[in-house]
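Down below is the structure, laid out as C-alpha cells.
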Amino acid sequence: MIPISSVQFGSEEEELVIEVLRSGSIAQGPMVQRFEREFAALCGVKHAIAVNNGTTALVAALDILDLRPGDEVITTPFTFVATVNAILEAGATATFADINEDDFNIDPSSVADRVTERTRVIMPVHLYGQMADMDPLVALAKAHELSILEDSAQSHGATYRGKSAGSFGLGSFSFYATKNLTTGEGGMITTDDDDVADRLRVLRNQGMRERYVYEIAGHNYRLTDLQAALAIPQLARYDMTVDKRRSNADALSAGLASIVGIEVPRQYPDRRHVWHQFTIRVTDECALSRDEMVASLHRSGVGAGVYYPRLLFDYDAYRDHPAVLKSDVPIARRVASQVISLPVHPLLSADDIATITEVVATAAST
Ligand SMILES: *Cc1c(COP(=O)(O)O)cnc(C)c1O
C-alpha cells in the first residue's frame with residue numbers, strides 16, 4: 001500500500017531529542033522558545049506561541065478575541081471538525097460561507113453575504129496547503145471591523161502574493177502526525193501584535209506571568225521541549241520538503257490531466273502551495289462514482305483519502321446545534337461528493353507516482 005502520509009525522522013531529530021533528554025528539562029523550556037523563534041521567521045511574523053495541539057491553538061486565538069455568546073464566526077463547512085469545535089468551545093456561533101471550487105477555500109463573495117451585525121471573526125481555512133483568496137477577505141474585515149483568524153493547520157509556509165499563512169491577523173497551525181511539519185501533537189499561534197502575544201503566553205500557562213501570580217483564569221496549553229526538538233530539524237529542511245511535495249504534485253498533475261472525469265488541483269501563480277494534500281475531483285463524466293473510485297484505488301494499493309466526505313453541519317452532532325447556523329452552500333456540497341486526495345508526501349518514489357497515475361487512469365476508464 002502506498003500510504004496517504006508518511007513520517008520519517010533523521011539523525012538531526014534523534015540528536016536534538018537526546019540533547020533534551022540529557023538536559024533534564026523536558027517540559028516547556030528553551031527548545032520551545034527556539035522553535036517559536038524559527039517558526040515566526042517562517043511565517044514572517046513577530047510572534048509565534050507554541051501550544052499542545054492545533055485545536056487548542058484555534059481555541060486560544062478565539063479566546064483572546066473575547067467573543068460573547070451569539071457572536072458569529074464565519075468559516076467554511078468543508079474542513080476538519082476542529083475548526084468548528086474550536087468556535088463552539090470559545091462560546092461563539094459558527095456560520096458558514098460557500099467555497100470556491102477552484103481552490104476549495106472560502107469564497108469571499110459568499111463571506112460578504114454572511115456578514116451580520118453579530119459577526120466578529122472571519123476564519124478562512126487554508127485547505128490542502130493552499131491559501132484562501134485573502135485580499136478581498138482582508139478588505140471585508142476592514143470594512144466591518146472584523147478579526148481574521150487563519151486556520152493554517154494544513155498550510156505551514158504557504159504564501160499568498162508574497163505574504164505567509166498566519167500573517168494576515170491571527171494564525172493557527174497544527175503539528176499533528178500527518179501534517180507537513182509534525183511533533184506528534186502540537187500547535188502554534190502567530191501574530192504581529194505584542195499585546196496579543198503576551199496575553200496568549202499568559203493564557204497558555206495557567207494565567208501566570210510569574211510563578212503563582214495569576215492574572216487571568218488560564219489553561220495548561222503548553223508544548224514540551226521534547227516535541228519542539230522534533231520540529232526544529234524539520235523546519236530547517238522544510239523548503240526542500242515543500243519542493244519535493246511540489247515536484248510530486250507536478251508529476252501527478254501531468255500524469256492525470258488528460259483523464260476524462262478527473263479534475264486536477266488548480267495552481268495559482270501568486271500563491272505558494274505547500275501540497276499538504278493533492279486533491280482531485282471525480283466529476284460526472286467519470287465512469288465511476290467518487291466512492292467507487294476510492295474503493296478501486298484501495299484495492300490497487302493506493303492509500304487515497306477523502307477530506308472531507310460531508311459538510312460539518314450535516315453530522316448529527318451539529319445538525320440541530322443552536323450555535324451552528326446551517327446555510328445553503330451548493331458548491332461545498334458538490335465538492336464534498338467529488339474529492340479524493342492522493343499520496344503526495346516527500347517519501348514517494350518515481351515508481352509510486354507512476355503507479356498512482358496508472359491506477360487512477362485504469363479505474364477511470366472501466
Ligand atoms: C489538523 C487540523 C486542525 C486541528 O489540529 P490538531 O492538532 O489535530 O488539533 C484544525 N484545522 C484543520 C483544518 C486541520 O486540518
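Atoms within each ligand, like the ligands themselves, are counted from 1 in listed order. Counting from 1, the numbers follow the sequence of the chain as shown. Since we're looking at a predicted model, the values are computed, not measured.
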- Item | Contacting atoms of ligand 1, where contact means under 4.0 angstrom from a heavy atom of Ala82 | 3 (C), 4 (C), 10 (C)
- Task: Determine whether Met188 and Leu223 make a side-chain contact, defined as any pair of heavy atoms from C-beta on separated by less than 4.5 Å.
- Result: no
- Query: Looking at Glu36 and Arg204, does any basic side-chain N land under 4.0 Å from a carboxylate oxygen?
  - Reply: yes
- Note on the structure: Taking only non-hydrogen atoms of Ala153 and a 4.0 Å limit, the atoms of ligand 1 in range are 2 (C), 3 (C), 10 (C), 11 (N), 12 (C), 14 (C), 15 (O)
- Message: Salt bridge or not between Asp63 and Arg199? Use side-chain N to carboxylate O under 4.0 Å.
- Response: no
- What protein heavy atom sits nearest atom 11 (N) of ligand 1, and how far away is it? Asp151 OD2, 2.8 Å
- Thinking salt bridges, do Glu215 and Arg201 make one under a 4.0 Å N-O criterion? no
- Task: Compute the shortest N/O to N/O distance between Tyr176 and ligand 1 and return yes if it is under 3.5 Å, no if not.
- Result: no
- Which atoms of ligand 1 sit under 4.0 Å from any heavy atom of Val125? 13 (C)
- Measure Thr55 to ligand 1 on non-hydrogen atoms and call it side chain, backbone, both or neither using the 4.0 Å cut-off. both
- Query: Considering only heavy atoms, does Thr79 approach ligand 1 within less than 4.0 Å through its side chain, its backbone, both, or neither?
  - Reply: side chain
- Task: Only counting residues at least two apart or in another chain, list the ones meeting side chain to side chain contact (heavy atoms under 4.5 Å, CB included) with Glu14.
- Result: none
- Message: Assess whether a salt bridge exists between Arg272 and Asp239, defined as any Lys/Arg side-chain N lying under 4.0 Å from an Asp/Glu carboxylate O.
- Response: yes
- At a 4.0 Å threshold, what atoms of ligand 1 neighbour a non-hydrogen atom of Gln154? 13 (C), 15 (O)
- Which protein heavy atom lies closest to atom 2 (C) of ligand 1, and at what distance to 0.1 Å? Lys179 NZ, 2.6 Å
- Message: Assess whether a salt bridge exists between Asp243 and Arg246, defined as any Lys/Arg side-chain N lying under 4.0 Å from an Asp/Glu carboxylate O.
- Response: yes
- So the atoms of ligand 1 within less than 4.0 Å of a heavy atom of Asn53 turn out to be 7 (O), 9 (O)
